[in-house]
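So the structure is just underneath, and the comments pick up after that.
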2 protein chains.
Amino acid sequence: MDQAVRSAVKAATADCDRNAWDAGNCPVRDVMNRISGKWSTLLLEALAEKPHRFGELRRLVPDISQRMLTQTLRDLQRDGYIEREVFPTKPPSVEYRMTPLGRSLFGPLSKVLAWAAENHDAVRAARRSFDDAGLA
Amino acid sequence: MDQAVRSAVKAATADCDRNAWDAGNCPVRDVMNRISGKWSTLLLEALAEKPHRFGELRRLVPDISQRMLTQTLRDLQRDGYIEREVFPTKPPSVEYRMTPLGRSLFGPLSKVLAWAAENHDAVRAARRSFDDAGLA
DNA sequence: AGTGCTGGTCTATTTTTGAGACTGACATCG
DNA sequence: CGATGTCAGTCTCAAAAATAGACCAGCACT
């Protein structure tokens, strides 16, 4: 398993290693920089379940500002993870839904999310012992 | 497969859904907020391969500032993903290496990294067609 | 004495994020 | 009729975070 991971990473970063992860040149960084935004995973998680409208997402993630919701949705749309459809209803409504590309990303991504949920306690424990040991 | 993902996510977010991802309450957000920093994955990637010293990491990720390198390493250490060891050599050197916890995170995480490498072209294509279609 | 290496810290500046008011077409309430 | 609310955003300005780059101490070599 460790070997499998090793080779996956090697393949994943082959282009980067040449330039030591040169900023604009590294596919991994280019893709990850969007995914790893504060809100991106939350929204992908919500939209993985089912399509949602703007206001629904706002209620689902209560502490996101409208500004960041708009922007993050647009970024996710730009990179092809989600689609936006406007319905010409009386107050026009907008629905966001995941694309096949987004769904294919969410496969691996959900594994990380699951890891986070499972290991939250271990992380909290590590954090406590770090804080207790001298350097806050 | 879709079903498997669905249930994994459901388990992962069970606590969150109750409070609609309430900020300080959600394990996933708590863990992800650290992982998803701009530099965290890069450093985890580097240290997954083998232990490295501060200066090595700096050269490996050329466009990180010393301040962010120091801080990101400390954050990763605090959450228990990496360890820091100081060697009392003549110019004292510091080695960073992954912990078992970090390694266990890196399993799923490396899958996402691999996805990023594989699908970089698709993302770039999506980005282009979005930009070409009117709204820049 | 001067230079370079180590792993950092400190300060000032730029970038990102966030809170909150505002838009505009329509619907509902009194 | 006029007030208010919903919808999906935009705009402005302040706060928070990231960055660049100078600086530090200790030691080795020349």
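In what follows, chains are A, B, ... by sequence order, proteins preceding strands, each numbered from 1. Computation of the quantities below employed the complete heavy-atom set of this structure, encompassing side-chain atoms and omitting hydrogens, waters and symmetry-equivalent molecules. Computed from a predicted structure; not experimentally measured.
- At dG18(C), one or more side-chain N or O atoms of Lys38(A) fall inside 4.0 Å of OP1 or OP2 (strictly under the cut-off).
- Nearest to the side chain of Ser65(B), among dG8(C), dT6(D), dT19(D), sits dT19(D).
- Counting to the nearest Å, the P atom of dG7(C) and the CD1 atom of Ile64(B) are 14 Å from each other.
- Going from atom CG of Leu57(B) over to atom C1' of dT6(C) covers 14 Å, rounded to whole Å.
- Rounded to whole Å, atom P of dA18(D) lies 10 Å from atom CZ of Arg34(B).
- Distance, Glu85(A) CD to dG9(D) P: 13 Å, rounded to whole Å.
- When distances are taken from the side chain of Arg53(A) to each of dA19(C), dA8(D), dT6(C), the shortest belongs to dA8(D).
- A close approach under 4.0 Å does not occur between any side-chain nitrogen or oxygen of Trp39(A) and OP1 or OP2 of dT16(C).
- Side-chain proximity of Gln66(A) to the nucleotides dC5(C), dG9(D), dG8(C) is greatest for dG9(D).
- Not one N or O on the side chain of Ser40(A) forms a donor-acceptor pair closer than 3.5 Å with the backbone of Ser36(A).
- One can place CZ of Arg58(B) at 12 Å from P of dG21(D), the figure rounded to the nearest angstrom.
- Closest approach to the Pro91(B) side chain among dG7(C), dT6(D), dG26(D) is made by dG26(D) (side chain taken as heavy atoms from C-beta onward).
- With a 6.0 Å radius and a threshold of 12 heavy atoms from other residues, nucleotides or ligands, Arg127(A) has its CZ atom above the threshold.
- Across all strands, Phe87(B) comes closer than 4.0 Å to no nucleic acid atom at all (heavy-atom distances).
- Between the C1' atom of dT6(D) and the CD atom of Glu56(A) lies a distance of 14 Å, rounded to the nearest Å.
- Relative to the side chain of Tyr96(B), the nucleotides dG9(D), dT17(C), dG8(C) differ in distance, and dG8(C) lies closest.
- For Leu69(A) and dT10(D), the CG to C1' distance is 13 Å, given to the nearest whole Å.
- Within 6.0 Å of the CZ atom in Arg58(B), the count of heavy atoms belonging to other residues, nucleotides or ligands does not exceed 12.
- For Arg74(A) and dA8(D), the shortest distance from a side-chain N or O to OP1 or OP2 is not below 4.0 Å.
- Under the 4.5 Å side-chain heavy-atom criterion for grouping Ile, Leu, Val, Met, Phe, Trp and Tyr, Phe87(A) is not connected to Phe54(A) through any hydrophobic cluster.
- Of the listed nucleotides (dA18(D), dG8(C), dA8(D)), dA18(D) has the atom at the smallest distance from the side chain of Gln71(B).
- At a threshold of 4.5 Å between non-hydrogen side-chain atoms, the residues Ile35(B) and Tyr81(B) count as touching.
- For the OP1/OP2 pair of dA19(C) and a distance below 4.0 Å, the side-chain nitrogens and oxygens of Arg67(A) include no atom meeting the criterion.
- Atom pair Asp63(B):CG and dT14(C):P shows a separation of 19 Å (rounding to whole Å applied).
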